[in-house]
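Please read the structure below before turning to the comments.
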Amino acid sequence: MPRKPRFWHPNVFFHVVMRGNNRQYIFNDRSDINELFRVFSYVYDKHPFTIISYCIMSNHYHLLLRSSEVPLSKIMMLANKRYTQYYKKKYRFTGQLYEKRYYASPIFDAQGILETSRYIHRNPIETKVPMVERMEHYPYSSYRFYKLNEPPQYQFLNLTILPSLFKKTVHQTNDYLCAFTEMNNHCEINSRCPAREQFQTH
């Protein structure tokens, strides 16, 4: 029986998760993670997309991603295929690298986008034994770009969208976003974010 087509809309962000089969490592060292970003850059050159938060762990990764030109499935199929080829060649690996098809949950409002980003960025400190003392110390997450006001390293990484989702203009800053991520201190969120408005007009 053919698989049911996945929902996709060009103005909607998706929380994407990819896991290793049987929770095996899919990233063994820094070079593997660097290769994943090379793969994403390769895919971006063919089919531009936007990531506003990410976190790469040893056996899985999280993305908050919007693909405005082609279905998300096309982005993930190409990225997963190329990274799998790299991994199998490097480690002489046979078998299934990923657990199953990628998980993708659409998010239609600002509250959901900000809370999902918060969840993604908190991954390294929410493990049974925290991997780092502070989120910005984790090198394989987009959080450090927001916290340290560093320019993005990748064309597909957009750092302006998340702060813009807070209700008051004075709060639309990286500092306020980081306060929300670190403390969840009742920051005001814009309930009518651009993604939701654009989705509702179609």
Side-chain angles (χ1 to χ4, degrees), residues 8-18 33 36-37 40-41 43-44 47-57 60-69 72 75-76 103-127 130-202:
W8 168 74
H9 190 282
N11 297 322
V12 172
F13 277 95
F14 288 79
H15 178 200
V16 175
V17 185
M18 201 74 231
I33 295 175
L36 179 69
F37 284 112
F40 283 140
S41 295
V43 177
Y44 176 85
H47 309 294
F49 57 88
T50 301
I51 290 176
I52 56 177
S53 62
Y54 68 81
C55 188
I56 314 300
M57 307 292 275
H60 70 283
Y61 63 81
H62 297 265
L63 309 172
L64 193 45
L65 183 153
R66 179 180 64 197
S67 175
S68 298
E69 296 188 5
L72 175 64
I75 301 294
M76 294 306 300
Y103 165 89
S105 177
I107 308 170
F108 301 112
D109 56 39
Q111 178 83 34
I113 292 171
L114 285 163
E115 289 181 352
T116 301
S117 176
R118 181 178 188 272
Y119 169 80
I120 289 172
H121 283 148
R122 292 183 67 86
N123 258 241
I125 64 169
E126 297 287 355
T127 51
M131 301 174 69
V132 290
E133 185 177 342
R134 300 180 62 84
M135 285 178 281
E136 65 266 28
H137 295 165
Y138 189 70
Y140 310 123
S141 158
S142 53
Y143 186 73
R144 72 186 190 279
F145 296 113
Y146 293 102
K147 181 69 174 181
L148 304 177
N149 288 308
E150 294 183 358
Q153 293 180 328
Y154 315 103
Q155 286 184 290
F156 51 76
L157 182 60
N158 186 312
L159 303 181
T160 64
I161 294 174
L162 281 176
S164 74
L165 299 182
F166 291 109
K167 190 172 184 179
K168 295 183 179 180
T169 303
V170 70
H171 292 159
Q172 294 173 0
T173 66
N174 285 352
D175 287 343
Y176 199 73
L177 172 68
C178 292
F180 169 79
T181 304
E182 294 173 12
M183 301 176 62
N184 199 18
N185 59 346
H186 306 293
C187 297
E188 293 186 64
I189 298 171
N190 184 351
S191 62
R192 293 186 62 78
C193 75
R196 181 167 187 158
E197 291 176 3
Q198 292 174 28
F199 180 78
Q200 291 177 332
T201 62
H202 288 76

Could you check if a side-chain atom of N123 sits within less than 4.5 angstrom of a side-chain atom of Y138, using non-hydrogen atoms only? no
Are there more than 12 heavy atoms of other residues, nucleotides or ligands under 6.0 Å from atom CD of E133? no
Heavy-atom donor-acceptor pair, Q172 side chain to P163 backbone, under 3.5 Å: no
Can you find a pair of side-chain heavy atoms, one from S67 and one from H47, that are under 4.5 Å apart? no
Nearest 0.5 Å please: distance from the CZ atom of R66 over to the CD1 atom of I75. 12.5 Å
Taking R118 for the side chain and T181 for the main chain, is one N or O donor matched with an acceptor at less than 3.5 Å? yes
Can you tell me which residue among S53, P152, P151 is in a side chain to side chain contact (heavy atoms under 4.5 Å, CB included) with L157? P152
All heavy atoms of F145 vs all of L159, minimum pair found to be CB-CD1, 3.8 Å
Heavy-atom pair with the smallest gap, counting every atom of L162 and S117: CD1-OG, 3.2 Å
Minimal heavy-atom distance between L114 and L165, with the atoms involved, is CD1-CB, 3.8 Å
A quick test of your reading: do over 12 heavy atoms of other residues, nucleotides or ligands sit less than 6.0 Å from CD of Q155? no
Enter the distance from N174:CG to L148:CG here, rounded to the nearest 0.5 Å. 10.0 Å
Could you walk me through whether V43 and F49 satisfy the side-chain contact (heavy atoms from CB on, under 4.5 Å) test, starting with their C-alpha distance in whole Å, then the side-chain angles of each, then the deciding distance to 0.1 Å, before giving a yes or no? CA-CA 9 Å; V43 177; F49 57 88; 4.0 Å; yes
Check F156, F37, F40 against Y54 for a ring-ring contact (aromatic ring centres under 6.0 Å, His included) and give me the one that passes. F37
Out of curiosity, E136 CD to E182 CD, how far, rounded to the nearest 0.5 Å? 6.0 Å
Any non-hydrogen side-chain atom of Y176 less than 4.5 Å from a side-chain atom of K168? no
Between F180 and F166, is there a side-chain heavy-atom distance shorter than 4.5 Å? yes
Could you give the distance from CZ (R144) to NE2 (H121), rounded to the nearest 0.5 Å? 10.0 Å
Is the closest side-chain heavy-atom distance between I107 and E115 below 4.5 Å? no
Inter-residue atom distance Y44.OH - T50.OG1, 0.5 Å rounding: 7.0 Å
Compare every heavy atom of A104 with every heavy atom of F14, then report the nearest pair and how far apart it is. CD2-CB, 4.2 Å
Answer yes or no: is there a donor N or O on one side and an acceptor on the other, between the side chain of S164 and the main chain of I161, under 3.5 Å? yes
R122 and Y143, any side-chain heavy atoms less than 4.5 Å apart: no
Do the rings of H62 and Y119 sit parallel, tilted or perpendicular, given the 30° and 60° boundaries? perpendicular
Out of curiosity, L63 CG to I52 CD1, how far, rounded to the nearest 0.5 Å? 11.0 Å
